[in-house]
Amino acid sequence: MNSKIPEDLIERAYQGKSTKEDGLLLLEVPPFELFRFADELRSLMAGNTVTYVVNRNINFTSRCVGTCGFCAFRTNKGKVLSLDEIMAKVREAAQANATEVCIQGGLLPDVGLDFYLGIVEAIKAEFPEMHIHSFSPMEVYHASRISEIPVKEALLSLKRSGLDTMPGTAAEILSDRVREIICPSKLKTSEWIEVVSQAHAAGIPTTATMMYGHIETLEERIDHILIIREIQKETGGITEFVPLPFMPYNNPVGEKMIKEGRYATYGLEDLKNYAVSRILLHGHIDNIQASWVKLGKKLAQFALHCGVNDLGGTLMEESISRSAGASNGEEISVEELEWMIYGAGRIPEERTTLYGRVNELVSGNPKSSGCRVSE
């Protein structure tokens with residue numbers, strides 16, 4: 001194990017030119033030396049502030065024609081929410097002062113783009129200020145095929161109807177070797193890159209995710225992060241990077257892992273992954289987000305000293321991670337989220353989806369705005 005980080009590696013990181021070899025070497029550095037460097041780079045980009053968004057997840061169906069072996073959410077006979085039911089959830093979000101709704105669902109066999117356009121148009125008609133952060137690259141790809149139109153045209157239609165941003169999910173690991181095993185019917189690496197790049201060209205920013213800790217190698221993790229960096233260098237359309245540890249329960253990929261004596265990722269492994277992500281993406285993607293649902297609240301809090309500057313959303317009804325065995329709740333109040341942030345020695349700040357400010361916070365004084373999640 002290297003006792004310190006080489007000076008030339010540090011210099012490349014500051015310049016935003018870290019290499020794959022740098023990433024692999026960083027994984028061998030003593031953890032707290034790695035965390036210290038990642039935290040230093042985080043401080044340069046984010047100062048002493050940790051952000052979060054008040055949002056609501058709306059999963060409109062668990063029914064899906066996909067064959068992803070890691071999914072514990074998919075069913076063959078799940079209910080599809082009606083537009084009225086979706087709008088009722090949006091109204092609850094608005095009443096709870098949410099600024100964002102995140103809408104995703106399974107892939108329905110006979111549902112094309114009009115279904116998605118109808119959801120966006122209904123929300124914007126009643127709540128023009130509500131930010132719609134919705135529909136994964138896989139959903140857009142699937143809808144465009146059902147509707148027999150190019151992805152570019154589908155994205156432009158969604159943008160015209162009011163779609164603001166897209167979650168960069170369905171990325172899993174951007175390696176066709178891995179994808180062929182865990183999600184053979186899902187879009188290929190090049191197709192995911194194309195959908196995301198086309199979204200940026202259409203004026204729709206996205207996040208970017210990485211689901212790690214299943215069958216991928218360390219090299220494939222590093223490659224994934226560097227692919228995300230290349231997309232950002234080309235388009236500038238990625239708002240945040242979100243590493244997501246794989247939840248191994250209630251799904252075929254996880255069941256095989258557990259039989260082999262491998263369970264969820266180690267907490268230290270998670271923290272190192274966030275730190276390496278911060279270092280490799282420095283100068284390109286400013287925001288590294290930790291999922292308190294996946295990590296648990298205490299480990300997510302510690303991640304704030306390992307390169308993380310954002311804790312995601314209050315969520316209000318997160319169900320996909322819960323289906324896969326996450327036991328950290330499906331929503332969190334603003335008060336608890338800010339309490340976690342202050343406890344890590346940082347200043348909380350509510351943000352918009354695009355990292356604009358919602359409210360000014362007074363350092364050291366949590367807001368007393370009342371609970372903003374549904375009861």
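Values reported hereafter were calculated over all heavy atoms of this structure, with side chains retained and with hydrogens, waters and symmetry mates removed.
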Ion pair check, [X] and [Y], cut-off under 4.0 Å:
X      : Y      : value
Asp270 : Lys294 : no
Glu11  : Lys17  : no
Glu219 : Lys20  : no
Arg42  : Asp39  : yes
Arg36  : Glu33  : yes
Lys188 : Glu191 : no
Arg56  : Glu92  : yes
Lys79  : Glu85  : yes

Crowded around [X] [atom1]? As in, over 12 foreign heavy atoms under 6.0 Å?
X      : atom1 : result
Glu129 : CD    : no
Glu230 : CD    : yes
Lys124 : NZ    : yes

request  = Kindly assign one of parallel, tilted or perpendicular to the pair His224 and Phe241, based on the angle between their ring planes and the thresholds 30° and 60°.
outcome  =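 Ring orientation of His224 relative to Phe241: tilted.
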
key: Min side-chain heavy-atom separation Pro248-His214 under 4.5 Å   =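 A side-chain contact under 4.5 Å is absent here.
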
ask   = In the hydrophobic clustering that connects Ile, Leu, Val, Met, Phe, Trp and Tyr at side-chain heavy-atom distances below 4.5 Å, which members other than Val53 occupy its cluster, ordered by chain and number?
value =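 When side chains under 4.5 Å apart are linked, Val53 ends up in no cluster with other residues.
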
task = Could you check Glu240 against Arg351 for salt bridge (Lys or Arg N to Asp or Glu O under 4.0 Å), going step by step and ending with a plain yes or no?
result = CA-CA 13 Å; Glu240 66 200 32; Arg351 63 168 172 87; 3.5 Å; yes

Return the set of residues passing salt bridge (Lys or Arg N to Asp or Glu O under 4.0 Å) with [X] (not counting sequence neighbours), or none when no residue passes.
X      : value
Lys256 : Glu260
Glu126 : Arg91
Glu220 : Arg177
Glu336 : Lys297

Exactly one of [options] should register a side chain to side chain contact (heavy atoms under 4.5 Å, CB included) with [X]. Which one does?
X      : options                : answer
Leu117 : Leu113, Ile119, Val120 : Leu113
Thr99  : His131, Glu350, Met130 : Glu350
Pro137 : Gln198, Met166, Glu194 : Met166

key: Shortest non-hydrogen contact between Ile182 and Glu172, atoms and distance   =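 Heavy atoms of Ile182 and Glu172 come nearest at CD1-CB, 4.2 Å.
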
Sidechain-backbone polar pair: Thr352 side chain, Arg357 backbone, donor-acceptor under 3.5 Å = no

request  = Please answer whether the main-chain N or O of Gly168 pairs with a side-chain N or O of Thr209 as donor and acceptor at a distance below 3.5 Å.
outcome  = yes

inquiry  = Would you say the rings of Tyr274 and Phe35 are close, in the sense that their centroids are separated by under 6.0 Å?
reply    =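 No, too far apart.
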
Identify all side-chain donor-acceptor contacts of residues 281-288 below 3.5 Å with residues at least two apart in sequence or on another chain.
residue	atom	partner	partner atom	Å
His284	NE2	Gly16	O	2.8
Asn287	OD1	Asn309	ND2	2.9
Asn287	ND2	Thr239	O	3.0

